[in-house]
**Q** 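Input: one structure, supplied below.
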Amino acid sequence: MTVSYTLEVADARFGGFSKLLFRWRGSIYKLLYKEFLVFCLLYSFFSVFYRFLLSEKQQSLFEDFAIYCDQFTTFIPMSFVLGFYVTLAFNRWWGQYTSFPLPDNLMMVVSANVHGVDEKGRLLRRTLMRYANLASVLILRSISTRVRRRFPTLEHVVEAGFMTPLEQTKLEGLKSDFNKYWMPLTWFTNLAALARQEGRIRDDIALRLLMDELNNYRGKCSLLFHYDWISIPLVYTQVVTVAVYSFFGFCLIGRQFLNPEKGYKGHQLDLYVPIFTLLQFFFYAGWLKVGELIINPFGEDDDDFETNQLIDRNIQVSMLAVDDMHQNLPPTEKDKFWV
Amino acid sequence: MTVSYTLEVADARFGGFSKLLFRWRGSIYKLLYKEFLVFCLLYSFFSVFYRFLLSEKQQSLFEDFAIYCDQFTTFIPMSFVLGFYVTLAFNRWWGQYTSFPLPDNLMMVVSANVHGVDEKGRLLRRTLMRYANLASVLILRSISTRVRRRFPTLEHVVEAGFMTPLEQTKLEGLKSDFNKYWMPLTWFTNLAALARQEGRIRDDIALRLLMDELNNYRGKCSLLFHYDWISIPLVYTQVVTVAVYSFFGFCLIGRQFLNPEKGYKGHQLDLYVPIFTLLQFFFYAGWLKVGELIINPFGEDDDDFETNQLIDRNIQVSMLAVDDMHQNLPPTEKDKFWV
Amino acid sequence: MTVSYTLEVADARFGGFSKLLFRWRGSIYKLLYKEFLVFCLLYSFFSVFYRFLLSEKQQSLFEDFAIYCDQFTTFIPMSFVLGFYVTLAFNRWWGQYTSFPLPDNLMMVVSANVHGVDEKGRLLRRTLMRYANLASVLILRSISTRVRRRFPTLEHVVEAGFMTPLEQTKLEGLKSDFNKYWMPLTWFTNLAALARQEGRIRDDIALRLLMDELNNYRGKCSLLFHYDWISIPLVYTQVVTVAVYSFFGFCLIGRQFLNPEKGYKGHQLDLYVPIFTLLQFFFYAGWLKVGELIINPFGEDDDDFETNQLIDRNIQVSMLAVDDMHQNLPPTEKDKFWV
Amino acid sequence: MTVSYTLEVADARFGGFSKLLFRWRGSIYKLLYKEFLVFCLLYSFFSVFYRFLLSEKQQSLFEDFAIYCDQFTTFIPMSFVLGFYVTLAFNRWWGQYTSFPLPDNLMMVVSANVHGVDEKGRLLRRTLMRYANLASVLILRSISTRVRRRFPTLEHVVEAGFMTPLEQTKLEGLKSDFNKYWMPLTWFTNLAALARQEGRIRDDIALRLLMDELNNYRGKCSLLFHYDWISIPLVYTQVVTVAVYSFFGFCLIGRQFLNPEKGYKGHQLDLYVPIFTLLQFFFYAGWLKVGELIINPFGEDDDDFETNQLIDRNIQVSMLAVDDMHQNLPPTEKDKFWV
Amino acid sequence: MTVSYTLEVADARFGGFSKLLFRWRGSIYKLLYKEFLVFCLLYSFFSVFYRFLLSEKQQSLFEDFAIYCDQFTTFIPMSFVLGFYVTLAFNRWWGQYTSFPLPDNLMMVVSANVHGVDEKGRLLRRTLMRYANLASVLILRSISTRVRRRFPTLEHVVEAGFMTPLEQTKLEGLKSDFNKYWMPLTWFTNLAALARQEGRIRDDIALRLLMDELNNYRGKCSLLFHYDWISIPLVYTQVVTVAVYSFFGFCLIGRQFLNPEKGYKGHQLDLYVPIFTLLQFFFYAGWLKVGELIINPFGEDDDDFETNQLIDRNIQVSMLAVDDMHQNLPPTEKDKFWV
């Protein structure tokens, strides 16, 4: 489930963001603790290895190598790479969210412009909205692991009521090697054209309005599909990942506490626990985790979009708007400010 | 209240921004002074502790540790992290502001295209605008702590005149687990369709215009809702916060003035007050505060949006435009430049 | 006046931008020379103070303190802060410019779609355009110090011919606590609706076109108003300003030339004039000045927008387009390429 | 083929991006291994040269030169340059992708608004869509090396069925020195106007809708063409390339392991294999490769757009939508939620 | 002429961008070689001066000063400034390019909606498109040095066939102190309105379509004009230029090879040619050159937009589309996929 927390920090009070640090759900701790443990373990291993298992001469060699490794941390400006990379990922993430197809505009237009309170009229309005919702389900099945698990086959979509069996037959009868999400939308336009001929839609302008809103809706479905298809180039992700991983790989050795007695520069103190390196790990690996989290917001992380809930919401409000609320208005009264 | 100050710095004169430094309302001092005091206190505590409470040997240990801690400040490039993070937050902040639903376009269109100076006509225009304003109130109640406090229940909304009791009943009668802000807008479209049938709206093009403007309006309500729902991933905020907090945590020890007589490098001077560290605190913690301030502009900070005032403004100008000003034109005269 | 210089650097020739360095109007020298002088004076004061007024022991203390101060320059990464801040300000600056309401689209549409070469027709077209221009004047009065000075009261607006006295009465008769710039635009829509009824506008589509263009126009007025109302959070500006000011505050002492004979590191040379510090001042303070300059482009800096000229241009071309040029076409002839 | 991998990292689990490191297709290894080998070879050459072929005095000179070269790595902030450059390239890359002309909106509109199930009607709809697809093929031939190879001449386009021989004659008969991709689109508008006259398109609004969608479509073709024509200025690319290449050129000498016995600073260890330099090479050269990869996404890299497949998809779904699916609707039934 | 090179680097092959390094046209070498030579000359002068013309004591002073100067290179983070500045300039550059008014949409709409194959009809369509092209020529004359040189006076515009002498008289008869590019567009709208009255444009919707496309076209002309008028604030450009110039000014002295025998730190080697400084010059001055190049893309650099060619292309395709291709369709045949 998406983790909303802005209400908690609505005011910039004393302490501010500090209250956000003590949360588990959707937190960096939950995401990172395993990596953190592995890093600690490996560090301890090398520490023990250096302190107890090496001969004096070997220790000397290890020390030279550790000092050499420590230089590496200055070679790759990780904050830069991560800053650029995460900003890119963040923009795509938000772009994906705002591309989520919501039927709200469409349903209002259908509610007001497809007339008839008889059964035929209701059926018409409901079917139109069902087609729109069906298209979004089809597209989300191919993108979101959550939705795919909910609707592993088209039968599940039928069962959930987004499609009738006859429609399924029709859909499967049309041969196309590509995603068929646009087909229900083509039905929509054709059904709307029919409704115009039968006078259910009273004028050409209203039909056009429906077409426009449908095209907007389809555009969003399509954009979502393309966001999924065309990822950030794999090469970029690999370069960033290798940078972070190799950084901490060399930290395992380069950040060991060397024998203070040998007087190596910057090694006056032996704390056993490399607090700063751990914090740095927390920080850089955490930043990379942010990238991992938002590179695909249609997974099942705590912070990923609640696609299934949105699907339910969409069909529910669609039906509400075009059926229950069609020409079902509260009586107009004079308001309080009436003079 | 929003703090406008650009008029004061309209011209880039001598001193420039300096005059902005001596303000309290909406200032960084007001936001930060508590944290600042806490930091000073803790620093003093460690200072006293080191100077008077430790034995000589313990002091030596403390000094080693302090020197070690001081290295940490170079480990995390805070300016980078804060720069990227605050830029992200800033873009969202402005995005939220420009998504604030203003009824201006809608009211002009209603004023010019819904005809009839009789009571029925007035009622129609006023009701349409009331629906639009009601939707924005409903959405803002779920986002803004200020608005929520003003309208804790729907009864308060009724009382304030945005809704009639009958409308409230209707609204509550419609079952939906999700935010119902869109319902008054569906009433709007249906009422407009009715007005078209009765000839109050004279042509289909005008009806379409109303629908278009309404959809724009709804789109903004919806965007606002989603900005609230989908925050910057918590993980990102945590990473940044931990970086800043741990930085200053280690500064408490690492930036202590060590005994100058011991000749530690960079410790020739004992000033008691760590001016630079305080300025750095002011700077980095201040930058983080900027992030806290703008991450939710619908709170009650000095610099947050004045949602309640905007709500009042919107209903007032709506009624003015569609009622008082409907076909109430100044006489057209020849202008001064007439030849 | 806006300073256009791109024509001078249209070609990337030898020397390139160097020719831009020798200008006074709109230049960084003009903006910065006062601060620069003050900085030099203060620096000289401390220099004299250190060299001639202090006892030897005091000089030693001063030297320690100077060396301490010099460290500060590495503590705050000013280029970063300024880079992020100025980029934000720049985007807003350009956003404000592109939000400037230009009547060009509107006037063309009015010219072609509001018919009648008789006096009534002319009056209608001129009045419509006058309303549009009036709205922009009203909004600019509340934003731009230049326009405010030109039109301190509504009477001045009447006098300048943007409003008739009757319109002023009407405008003032409508009670609203907020900016009333939208009122003339409501008149516009109502007058257009009237013109449609009288057949001056021949069809609904043309009316709609007028409404659309008017809404665009109003949207820009509104955006301008909001850019002015919602500034970059004061806190951000303060943080940046404090950083720059404190930086140069400490430079006054930290960058003094210490006695070369005492052999302080990096103090082998006594040049009396701290060239680099002055260049750094020029650079960083100059960068901040860029921010000051563009944070409010409606002031009276050399580089601010020429709002008054634009107002004059707008009313002039409006009248030209809808009156002189209405159905006043050059005869259509075969062009040169006719085959 | 585009390399999609986001599904694999849908969840931010333990290990996260690590699973992306072991891939060959579309990977950084595949792109970089040749340069990497060359770099290793050259490095080895200098290493052997220094160790075995130089006299002692020459070695000393080499060592001085190597130390000098090593300084260079700090002179050019490559991460910065690459960060800015790749971000620019990335934005263009995504801009190009979203400019890819997809016929989906157009085909739905044609399907619903160009009437007639007779042969004439089918022919009309199919021809319209063929024109649209033809335009995109013509534009892609001039941009994408893959498409150019598939359609080296117009005859190939005819053969593939996008154009009839008569159309080819017509197209070639029109003289224009510039890309003619817009011609089929002009046919489209003229044919649509004809269809309106014959009543196949029933009203002006529908015709307008077609024109609007066509203009959108054309706009994307045009944008694609201009993205190709106006590249990132060559100068910028050269500056970045020279920076990276010279950096590693100097690394060949500056990062040699010098004789540890001579006690040069930072040269206590002789590892023979310069691990860090290799990682740095991997990192920076990899980042530059990202730039090379995305600067022209219409090539034949693993990660480039699959233009040929998209062309096939587009014509297939176009025909499906306007022919098979025209007024071929599943029967409307009551849905599952019907009450 | 614009330098297109992306086709050469369509694939990220071995060597990649290296092939871009050996080009002269539009290259950084061509842009920079003069500055480079001047820098070398000045450097040599100081080198000779130091080595041969100074007494030993003067040399010592020079050496102290050189070491002092060398520090400066760390004082100004040039990569940062240049990165931010060039990114700003780049965005404007691309914004200007995409604002270039292309008549393609307009001509298609005119071709399909302004009817009549008789001479009157042809004349009408051609005149409309000529007006549109004329407007863009007028605007480009005031922006682009190339276009200005081609059309130094309005007579040249008449001669080139964009305007008839009668139109010129009319245009000059209208008094306006500002750019008159919008006047032909007002003629366009008025002529279109006339054509509607005469029935050449058959319905109001088509007229509206023309108006909409014209407004888009005008919007682009206007944006181009404003990009030219409102440059990046001169102050910003000056700050950046001063930073780069002073940097290399101090390099002339600070990067001299000092006598290795004197054992100054980092001066063990005397290479005579300061390779790194030259590369740095190449890099930073090159980056600044990128800024110079793109700050005004309407000049006559190799990489500037080919405005004159575009003007020719636009008028040519305009005439082709509205005259030769008007209702001149290839016969519709069954396509290859017909079943």
**Q** Checking heavy atoms, do the side chain of B:T169, its backbone, both or neither come under 4.5 Å from chain A?
**A**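 Interface part for B:T169: neither.
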**Q** Highest number of heavy-atom pairs under 4.5 Å with chain B: which of A:T98, A:N328, A:V109?
**A**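 Sorted descending by pairs with chain B, the first entry is A:N328.
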**Q** Could you check whether the rings of A:F90 and A:W93 sit parallel, tilted or perpendicular, using 30° and 60° as the cut-offs?
**A**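 Taking A:W93 first and then A:F90, their aromatic rings sit tilted (interplane angle of 30° to 60°).
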**Q** Mind telling me whether A:Y97 and B:H226 have parallel, tilted or perpendicular rings, with 30° and 60° as the class edges?
**A**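 Plane angle over 60°, so perpendicular.
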**Q** May I ask you to check whether A:W94 and B:Y227 place their ring centres under 6.0 Å from each other?
**A**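 Ring centres of A:W94 and B:Y227 closer than 6.0 Å.
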**Q** Heavy-atom pairs under 4.5 Å with chain A: which of B:V242, B:D323, B:L61 has the most?
**A**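 Heavy-atom pair counts peak at B:V242.
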**Q** Looking at A:E261, I'd like to know if its CD atom is crowded, meaning that more than 12 non-hydrogen atoms belonging to other residues, nucleotides or ligands lie closer than 6.0 Å.
**A**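 At most 12 heavy atoms, drawn from other residues, nucleotides or ligands, come within 6.0 Å of this atom.
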**Q** So which heavy atom on A:M78 is nearest to which on A:V244, and how close?
**A**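 Smallest heavy-atom distance, with atoms named: SD-CA, 3.6 Å.
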**Q** Pick one of side chain, backbone, both or neither for B:Y131, based on which atoms fall under 4.5 Å of a heavy atom in chain A.
**A**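 For B:Y131, side-chain heavy atoms alone lie under 4.5 Å from chain A.
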**Q** Checking B:T186 against chain A: side chain, backbone, both or neither under 4.5 Å from a heavy atom?
**A**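 Contact with chain A involves both backbone and side-chain atoms of B:T186.
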**Q** Measure distances from B:T127 to the heavy atoms of chain A and classify the residue's part below 4.5 Å as side chain, backbone, both or neither.
**A**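 Only the side chain of B:T127 comes within 4.5 Å of chain A.
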**Q** Among A:D312, A:I294, A:L279, A:V86, which residue has the highest count of heavy-atom pairs closer than 4.5 Å to chain B?
**A**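 Maximum pair count with chain B is reached by A:L279.
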**Q** Could you tell me which of B:D204, B:L223, B:L214, B:V239 has the largest number of non-hydrogen atom pairs under 4.5 Å with chain A?
**A**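 Highest number of pairs under 4.5 Å: B:D204.
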**Q** Which label fits A:F248 and A:Y284: parallel for a plane angle under 30°, tilted from 30 to 60°, or perpendicular past 60°?
**A**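 Plane angle between 30° and 60°, so tilted.
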**Q** Please examine the side chains of B:T145 and B:F298, heavy atoms only from C-beta on, and report whether any two atoms are closer than 4.5 Å.
**A**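 Sidechains of B:T145 and B:F298: no contact.
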**Q** Let's test your reading of the structure: which of A:L82, A:V322, A:L310, A:N91 forms the most heavy-atom pairs below 4.5 Å with chain B?
**A**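 Answer, by heavy-atom pair count under 4.5 Å with chain B: A:L310.
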**Q** Salt bridge or not between B:E119 and B:R122? Use side-chain N to carboxylate O under 4.0 Å.
**A**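 No.
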**Q** Pick one of side chain, backbone, both or neither for B:F178, based on which atoms fall under 4.5 Å of a heavy atom in chain A.
**A**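 Just its side chain gets close to chain A.
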**Q** With only heavy atoms counted, which part of B:F65 is less than 4.5 Å from chain A, the side chain, the backbone, both or neither?
**A**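 Both the backbone and the side chain of B:F65 come within 4.5 Å of chain A.
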**Q** Indicate the atoms forming the closest heavy-atom contact of A:A112 with B:A193, along with that distance.
**A**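 Reported closest heavy-atom pair: O-CB, 3.4 Å.
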**Q** Check each atom of B:A160 against the heavy atoms of chain A and say whether the ones under 4.5 Å are side chain, backbone, both or neither.
**A**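 The backbone, not the side chain.
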**Q** Quick one: what part of B:L123 sits under 4.5 Å from any heavy atom of chain A, side chain, backbone, both or neither?
**A**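 It is both, since atoms from each part get that close.
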**Q** Between B:E167 and B:K170, does any NZ, NE, NH1 or NH2 come within less than 4.0 Å of an OD or OE carboxylate oxygen?
**A**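 No, no charged N to carboxylate O under 4.0 Å.
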**Q** Just so I know, are the side chains of B:S79 and B:W287 near enough to count as touching, which here means a heavy-atom distance under 4.5 Å?
**A**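 A side-chain contact under 4.5 Å exists here.
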**Q** Which region of B:M163, side chain (C-beta onward) or backbone (N, CA, C, O), has a non-hydrogen atom less than 4.5 Å from a non-hydrogen atom of chain A, or is it both or neither?
**A**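 Neither the backbone nor the side chain of B:M163 comes within 4.5 Å of chain A.
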**Q** For B:R208, is there an ion pair with A:D212 - N to carboxylate O distance below 4.0 angstrom?
**A**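 Between B:R208 and A:D212 there is a salt bridge, with a charged N closer than 4.0 Å to a carboxylate O.
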**Q** Students often mix this up, so state it plainly: with edges at 30° and 60°, are the rings of A:Y33 and A:W24 parallel, tilted or perpendicular?
**A**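 Ring orientation of A:Y33 relative to A:W24: tilted.
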**Q** Considering only heavy atoms, which portion of A:L329 lies under 4.5 Å from any heavy atom of chain B: side chain, backbone, both, or neither?
**A**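 Contact with chain B involves both backbone and side-chain atoms of A:L329.
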**Q** With a 4.5 angstrom heavy-atom cut-off, which part of B:E63 approaches chain A: side chain, backbone, both or neither?
**A**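 Answer is neither: B:E63 stays 4.5 Å or more from chain A.
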**Q** Please check: side-chain N/O of B:Y85 versus main-chain N/O of B:L288, any donor-acceptor pairing under 3.5 Å?
**A**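 Here the side-chain-to-backbone pair does not exist.
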**Q** Do the non-hydrogen side-chain atoms of A:F257 and A:L271 ever get within less than 4.5 Å of each other?
**A**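 Answer yes - side chains close enough.
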**Q** So which part of A:L32 gets closer than 4.5 Å to some heavy atom of chain B, the side chain, the backbone, both or neither?
**A**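 Nothing of A:L32, per the 4.5 Å heavy-atom cut-off to chain B.
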**Q** In terms of heavy-atom proximity below 4.5 Å to chain B, should A:W338 be classed as side chain, backbone, both, or neither?
**A**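 Both backbone and side chain of A:W338 come within 4.5 Å of chain B.
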**Q** Below 4.5 Å from any heavy atom of chain B, which atoms of A:Q327 appear? Answer side chain, backbone, both or neither.
**A**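 Backbone plus side chain of A:Q327, per the 4.5 Å heavy-atom cut-off to chain B.
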**Q** Do you know which of A:P331, A:G286, A:S27 has the most heavy-atom pairs under 4.5 Å to chain B?
**A**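 Counting heavy-atom pairs under 4.5 Å, the top option is A:S27.
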**Q** With chain B as the partner, which of A:D104, A:I275, A:T87, A:N113 has the greatest number of non-hydrogen pairs under 4.5 Å?
**A**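 Heavy-atom pairs under 4.5 Å are most numerous for A:D104.
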**Q** At a heavy-atom distance under 4.5 Å, which candidate from A:D324, A:T277, A:D203 has the highest pair count against chain B?
**A**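 The option with the most such pairs is A:D203.
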**Q** Do A:S111 and B:N190 pair up side chain to side chain, a donor and an acceptor below 3.5 Å, judged on atom types alone?
**A**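 A donor-acceptor contact under 3.5 Å links the two side chains.
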**Q** Which region of B:F188, side chain (C-beta onward) or backbone (N, CA, C, O), has a non-hydrogen atom less than 4.5 Å from a non-hydrogen atom of chain A, or is it both or neither?
**A**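 Neither part.
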**Q** For each of B:D177, B:V235, B:T164, B:V240, tally heavy-atom pairs with chain A at distances under 4.5 Å, and name the one with the top tally.
**A**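 If we count pairs closer than 4.5 Å to chain A, B:V235 comes out on top.
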**Q** What part of B:I315 lies closer than 4.5 angstrom to a heavy atom of chain A: side chain, backbone, both or neither?
**A**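 For B:I315, the side chain is the part near chain A, not the backbone.
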**Q** Relative to chain A, which segment of B:F84 carries a heavy atom at a distance below 4.5 Å: side chain, backbone, both, or neither?
**A**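 B:F84 touches chain A through side-chain heavy atoms alone.
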**Q** Between B:V290 and chain A, which part of the residue has a heavy atom less than 4.5 Å away: side chain, backbone, both or neither?
**A**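 For B:V290, there is no contact with chain A at all, as no heavy atom is under 4.5 Å.
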